[in-house]
Amino acid sequence: GQVMGYIMGKAEGEDKEWHGHVTAVTVGPEYRRLGLAATFMNFLEEVSEKQHNGYFVDLFVRVSNVVAVNMYTNMGYTVYRRVLNYYSGEEDAFDMRKSLA
């Protein structure tokens, strides 16, 4: 088989204050626009909520990556804050978050 894409994430927090964090999500060019990223994200959200009792999922994305920002917005994420010089001091990031049930 061939790798079509992947997601890496983790649960962050302490005591009862947990949330999911998307470290990376990637889909190969020939497999884009098939809903794979949404499937990966839904899985991470479900694990964050049901396994770790998380109350939101967050991720960081380059401000210039308009395609990704729009994709996450369409998945229900909103910009929580702008982090200045997040990427090696050269580019800002959006900290995007989605509340879980």
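For the single chain, residues carry numbers from 1 onward in sequence order. Scope of the values below: all heavy atoms of this structure, side chains included, with no hydrogens, waters or symmetry mates.
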Find the distance between [atom1] ([X]) and [atom2] ([Y]) and round it off to the nearest 0.5 Å.
X: L100; Y: K50; atom1: CG; atom2: NZ; answer: 10.5 Å
X: E46; Y: E49; atom1: CD; atom2: CD; answer: 8.0 Å
X: E45; Y: F56; atom1: CD; atom2: CZ; answer: 12.5 Å
X: R32; Y: T26; atom1: CZ; atom2: OG1; answer: 8.0 Å

Heavy-atom side-chain contact between [X] and [Y] under 4.5 Å:
X: F60; Y: D95; value: yes
X: V22; Y: D58; value: no
X: Q2; Y: E30; value: yes
X: M4; Y: V27; value: no
X: K98; Y: Y72; value: no
X: Y77; Y: M71; value: no

Verify same cluster id: [X], [Y] (apolar side-chain graph, 4.5 Å):
X: V63; Y: Y86; answer: no
X: Y55; Y: M96; answer: no
X: M75; Y: V47; answer: no
X: L36; Y: V57; answer: yes
X: L34; Y: M41; answer: yes

Tell me, yes or no, whether the heavy-atom count around Y80 atom OH, taken from other residues, nucleotides or ligands under 6.0 Å, exceeds 12.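 Open: at most 12 neighbouring heavy atoms sit under 6.0 Å from OH of Y80.
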
For the OH atom on Y31, are there more than 12 heavy atoms of other groups (residues, nucleotides or ligands in this structure) within a distance under 6.0 Å?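 Buried by this count: over 12 neighbours within 6.0 Å.
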
For S48 versus G20, what's the shortest heavy-atom pair and its separation?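 The pair with the smallest heavy-atom distance is OG-CA, 3.3 Å.
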
Show the atom names and distances, to 0.1 Å, of all donor-acceptor pairs under 3.5 Å that link a side chain in residues 5-18 to residues at least two apart or in another chain.
from, atom 1, to, atom 2, distance (Å)
K10, NZ, E12, OE2, 3.2
E12, OE1, H19, NE2, 2.9
W18, NE1, D15, O, 2.8

Treating E91 as the side-chain partner and S64 as the backbone partner, does any N or O pair qualify as donor plus acceptor under 3.5 Å?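 Checking the backbone N and O of S64 against the side chain of E91, a donor-acceptor pair under 3.5 Å is found.
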
